[in-house]
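In this text, all values refer to a predicted model and were calculated from it rather than measured experimentally.
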Amino acid sequence: MQIMTIPEEYVGKRFDQVASCLIPDFSRARIQQWIKAGQLLLNGKQVKAKEKVATGASMEVLINLKEEGKAEGDWQAQAMVLDIVYEDNAIIIVNKPVNLVVHPAVGNPQGTLLNGLLHHAPVLRQVPRAGIVHRLDKDTTGLLVVAKTLTAHHYLVAQLQQRAFVRQYEAIVSGEVIAGSTIDAPIGRDPKHRTKMAVNRLNGKVAITHYRIAERYQHFTHLQVRLETGRTHQIRVHLRHIHHPIVGDSVYAGRLRIPAGVSETLREALRQFPRQALHASRLGLTHPVTGEFMQWQVPMPDDMQQLCHQLAKIT
């Protein structure tokens with residue numbers, strides 16, 4: 001058993017949030033499991049994850065964190081070609097390609113971005129989740145930030161929680177969107193399909209997405225989307241919710257519907273598009289060491305550019 005005194009700066013915060021800060025090598029989901037199982041105690045008592053921490057509190061850890069860490073973080077470094085947009089002693093900005101899983105999981109223990117990062121920068125073994133602060137789906141391309149030190153990791157996670165990141169995406173959606181707007185609709189597990197997310201006004205968490213029109217096409221629209229919050233599959237779920245699902249999204253768009261009268265070339269391009277047409281094009285954040293606000297931008301990958309080219313031909 002290990003007892004940790006909870007610093008005063010965490011007073012008033014949820015117990016699971018505090019536990020995540022005190023033992024940052026493990027995911028929030030893993031920590032919540034331990035709290036539910038009574039393996040993490042607050043002041044010697046089993047409490048709910050949402051319990052607020054009071055002054056003078058302590059946390060008791062009834063598990064062997066070293067052994068648990070071996071099970072969760074025994075990852076292999078693997079040589080991999082990475083598109084590094086920027087790197088210094090504190091952060092790495094990566095442009096993730098399509099078909100690359102960010103983090104090892106069941107079914108994908110190797111060949112992930114994390115494995116490639118450990119080979120590129122072995123120092124990342126000292127940082128939770130090899131420094132990966134936020135994720136993109138396997139089939140979503142674009143910019144990610146990686147922290148190279150514990151200090152940078154804590155700083156960037158705090159920024160993310162405070163919604164201080166700038167995260168802009170390019171999305172090609174079905175239907176002709178009339179004007180830009182904001183989607184404010186909570187997201188949680190789909191009660192009918194537990195492997196999917198959905199707008200869930202009963203049990204969902206706050207989720208806010210802003211979008212504007214970048215280009216109009218007949219039957220389709222190119223949107224620029226900005227995340228205010230970062231829920232799982234947020235953009236995909238929100239755009240489906242307003243009846244403009246992302247082209248190629250096999251999970252949330254439903255059966256592919258090709259408009260009548262389009263060319264055979266475009267018809268085939270839509271059928272063959274292999275993924276959701278979603279790209280993280282711009283990332284902005286305050287540098288954890290210099291305090292300078294920095295931004296990076298990368299163009300859409302070739303497959304999305306080609307799709308836009310075909311859509312522009314519709315008359």
Side-chain angles (χ1 to χ4, degrees), residues 4 6-35 40 49-50 52-53 59 61 65 68-69 72-73 75 85-94 96 102-105 112-114 117-118 121 123-137 140 142-169 187 205-208 226-235 280 282-296:
M4 300 181 182
I6 298 178
E8 287 294 313
E9 64 190 272
Y10 296 121
V11 170
K13 294 183 179 292
R14 288 170 52 117
F15 183 42
D16 58 344
Q17 292 178 323
V18 174
S20 293
C21 293
L22 295 180
I23 44 177
D25 291 340
F26 303 94
S27 66
R28 176 77 69 84
R30 189 79 173 273
I31 284 171
Q32 288 172 338
Q33 289 174 358
W34 291 339
I35 293 173
L40 290 180
K50 64 181 181 181
K52 296 297 176 63
V53 170
M59 179 176 73
V61 182
L65 292 178
E68 293 289 342
E72 182 164 286
W75 302 302
V85 176
Y86 174 86
E87 182 174 8
D88 60 25
N89 290 332
I91 61 174
I92 304 172
I93 305 297
V94 182
K96 188 188 86 67
V102 170
H103 195 281
T112 70
L113 176 62
L114 183 146
L117 286 167
L118 288 176
V123 69
L124 293 174
R125 283 206 180 275
Q126 308 304 316
V127 189
R129 303 178 194 87
I132 295 171
V133 175
H134 59 122
R135 304 185 188 186
L136 296 175
D137 296 332
T140 298
L143 295 171
L144 284 166
V145 61
V146 178
K148 295 178 73 174
T149 68
L150 278 172
T151 300
H153 186 266
H154 291 158
Y155 187 92
L156 292 172
V157 168
Q159 273 194 71
L160 193 62
Q161 292 173 343
Q162 294 163 11
R163 306 180 187 178
F165 276 23
V166 172
R167 288 177 291 170
Q168 179 178 296
Y169 293 72
I187 290 177
K205 296 181 179 180
V206 173
I208 302 172
R226 183 170 61 82
L227 283 178
E228 185 169 326
T229 57
R231 306 305 175 197
T232 301
H233 298 172
Q234 178 171 319
I235 295 175
R282 186 158 66 100
L283 176 64
L285 53 87
T286 300
H287 193 279
V289 175
T290 67
E292 176 188 1
F293 183 77
M294 304 178 72
Q295 291 193 76
W296 300 268

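A donor-acceptor pair is defined here as one N or O able to donate and one able to accept, closer than 3.5 Å; no such pair exists between the side chain of Arg135 and the backbone of Thr232.
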Does Ile235 form a side-chain contact (heavy atoms from CB on, under 4.5 Å) with Thr140? I'd like the steps, not just the answer. CA-CA 11 Å; Ile235 295 175; Thr140 298; over 6 Å; no
Evaluate side-chain contact (heavy atoms from CB on, under 4.5 Å) for His103 paired with Thr112, printing each intermediate quantity in order. CA-CA 6 Å; His103 195 281; Thr112 70; 5.9 Å; no
Determine, step by step, whether Leu143 and Val94 satisfy the side-chain contact (heavy atoms from CB on, under 4.5 Å) criterion, reporting the C-alpha distance in whole Å, the side-chain angles of both residues, the deciding distance to 0.1 Å, and the verdict. CA-CA 6 Å; Leu143 295 171; Val94 182; over 6 Å; no
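Within the structure, the salt bridge (charged side-chain N to carboxylate O under 4.0 Å, His left out) test picks out the following pairs touching residues 14-23 (sequence neighbours left out): Arg14-Asp16, Asp16-Arg28.
Proximity of Leu285 to Leu156: side-chain heavy atoms (C-beta onward) are separated by under 4.5 Å at one or more points. Using a 4.5 Å heavy-atom threshold, the side chains of Ile23 and Trp34 count as touching. A 4.5 Å side-chain heavy-atom check between Val145 and Ile92 finds every atom pair outside the cut-off.
Scored by the salt bridge (charged side-chain N to carboxylate O under 4.0 Å, His left out) test, Arg226 finds no partners at all (sequence neighbours excluded). With sequence neighbours excluded, the residues that form a side-chain contact (heavy atoms from CB on, under 4.5 Å) with Ala207 are Ile187, Thr229, Arg231, Gln234, His238. Tyr86 pairs by the ring-ring contact (aromatic ring centres under 6.0 Å, His included) definition with Trp296, not counting sequence neighbours. Annotation: salt bridge (charged side-chain N to carboxylate O under 4.0 Å, His left out) contacts of Glu87 (sequence neighbours excluded): Lys148. Residues passing the side-chain contact (heavy atoms from CB on, under 4.5 Å) test with Val157, sequence neighbours excluded: Val133, His153, Gln161. Phe165 is linked by a ring-ring contact (aromatic ring centres under 6.0 Å, His included) to His134, counting only residues two or more places apart in sequence or in another chain. Applying the side-chain contact (heavy atoms from CB on, under 4.5 Å) rule to Ala280 yields the partners Leu136, Tyr169; only residues at least two apart in sequence or on another chain are considered.
When each of Leu22, Val18, Leu40 is checked for a side chain to side chain contact (heavy atoms under 4.5 Å, CB included) with Ile31, only Leu40 meets the rule.
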Side-chain atoms of residues 286-295: list all donor-acceptor pairs with protein atoms under 3.5 Å, sequence neighbours left out, distances to 0.1 Å.
from	atom 1	to	atom 2	distance (Å)
His287	ND1	Val289	N	3.0
His287	ND1	Thr290	N	3.2
His287	NE2	Asp88	OD2	2.7
Thr290	OG1	Glu292	N	3.2
Gln295	OE1	Arg282	NH1	2.4

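The two residues Leu114 and Ala130 make their nearest non-hydrogen contact at CG-CB, 3.6 Å. Between Leu150 and Pro128, the shortest heavy-atom distance links the atoms CD2-CD, 3.4 Å.
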